[in-house]
Engineer: 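Mind having a look at this structure? Questions to follow.
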Amino acid sequence: MKREDIREKTMQLIYQMDITGNFDLSGLSVVEESEKVVNKKQAADTLNAVSLHHKEIDEMISRNLDKWTIDRIAKTDLAILRTAVAEMMYIESIPVGVSINEAVDLAKKYGDGRSYAFINSVLSKVESSL
């Protein structure tokens, strides 16, 4: 499985965490295909970072929003942001630029017509604050 596909499945699992309100990985119910992804180091590292640090990740996102609050962000956009910010803050093996570019690509696929620009803007501010 390509890194982009792993990141996409990871984002989907983070979306599920948000929808269920459960950031505990042990309680995560996933489809069979997504279960395979959890065994990949990239996915496991990102999911663990979100599970352990979702409050810090959300604080970082909130600090870098311009005239928005985190509760106004579409759930898919928030899952994409959480995925990228977790990588940027806690996973040194993934270059920050890669996290941003992949998040923008996910936003083009899953978000509305302006999601990619919004996500790029927020993540660029996060990058500057790291």
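Scope of the values below: all heavy atoms of this structure, side chains included, with no hydrogens, waters or symmetry mates.
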Engineer: Is there a chain of hydrophobic side chains (I, L, V, M, F, W, Y, each step under 4.5 Å between heavy atoms) that links Leu52 to Met60?
Structural biologist: no
Engineer: After noting the C-alpha distance and the side-chain angles of Ile61 and Asp58, does the key distance pass the side chain to side chain contact (heavy atoms under 4.5 Å, CB included) rule?
Structural biologist: CA-CA 5 Å; Ile61 293 168; Asp58 285 358; 4.3 Å; yes
Engineer: For Asp105, is there an ion pair with Lys109 - N to carboxylate O distance below 4.0 angstrom?
Structural biologist: no
Engineer: So, do Ile119 and Leu106 sit near enough that their side-chain heavy atoms are less than 4.5 Å apart?
Structural biologist: no
Engineer: Run Phe23 and Lys55 through side chain to side chain contact (heavy atoms under 4.5 Å, CB included) and show every step you take.
Structural biologist: CA-CA 10 Å; Phe23 286 87; Lys55 290 180 182 168; over 6 Å; no
Engineer: Going only through I, L, V, M, F, W and Y residues with side-chain contacts under 4.5 Å, is there a path from Leu123 to Ile70?
Structural biologist: yes
Engineer: Please answer: with hydrophobic residues joined when any side-chain heavy atoms are less than 4.5 Å apart, are Tyr15 and Val104 in the same cluster?
Structural biologist: no
Engineer: Do Ile14 and Thr46 come within less than 4.5 Å of each other through their side chains, counting heavy atoms only?
Structural biologist: yes
Engineer: Listed by chain and number, what are the side chain to side chain contact (heavy atoms under 4.5 Å, CB included) partners of Glu56, not counting sequence neighbours?
Structural biologist: His53, Tyr90
Engineer: So, do Glu127 and Ser99 sit near enough that their side-chain heavy atoms are less than 4.5 Å apart?
Structural biologist: no
Engineer: Would you say Leu130 and Val122 are hydrophobically clustered, going by side-chain heavy atoms of ILVMFWY under 4.5 Å?
Structural biologist: yes
Engineer: Do the non-hydrogen side-chain atoms of Phe118 and Leu65 ever get within less than 4.5 Å of each other?
Structural biologist: yes
Engineer: Just how far is it from atom CD of Glu4 to atom CG of Asn101, taken to the nearest 0.5 Å?
Structural biologist: 10.5 Å
Engineer: Is there side-chain contact between Arg7 and Glu87, with heavy atoms separated by less than 4.5 Å?
Structural biologist: yes
Engineer: Determine the minimum heavy-atom distance between Ala103 and Ala84, stating which atoms define it.
Structural biologist: CB-CB, 3.8 Å
Engineer: If we only count heavy atoms from C-beta on, is the Asn64 to Ser129 side-chain gap below 4.5 Å?
Structural biologist: yes
Engineer: Compute whether any side-chain donor of one residue and acceptor of the other, for Asn48 and Ser51, lie under 3.5 angstrom apart.
Structural biologist: no
Engineer: Quick check: do Ile100 and Val126 have side-chain heavy atoms less than 4.5 Å from each other?
Structural biologist: no
Engineer: Answer whether the closest heavy-atom distance between the side chains of Leu47 and Thr10 falls below 4.5 Å.
Structural biologist: yes
Engineer: If I take atom NZ from residue Lys9 and atom CD from residue Gln42, how far apart are they, to the nearest 0.5 angstrom?
Structural biologist: 14.0 Å
Engineer: Taking all heavy atoms of Ala107 and all of Tyr116, pick out the closest pair and write down the distance.
Structural biologist: CB-CA, 3.5 Å
Engineer: Name the one of Ile6, Thr83, Leu81 that satisfies side-chain contact (heavy atoms from CB on, under 4.5 Å) with Met11?
Structural biologist: Thr83
Engineer: Do Arg3 and Glu102 sit within salt-bridge range, that is, some charged N less than 4.0 Å from a carboxylate O?
Structural biologist: no
Engineer: Measuring from atom OG of Ser62 to atom CD1 of Ile57, what distance do you get when rounded to the nearest 0.5 angstrom?
Structural biologist: 12.0 Å
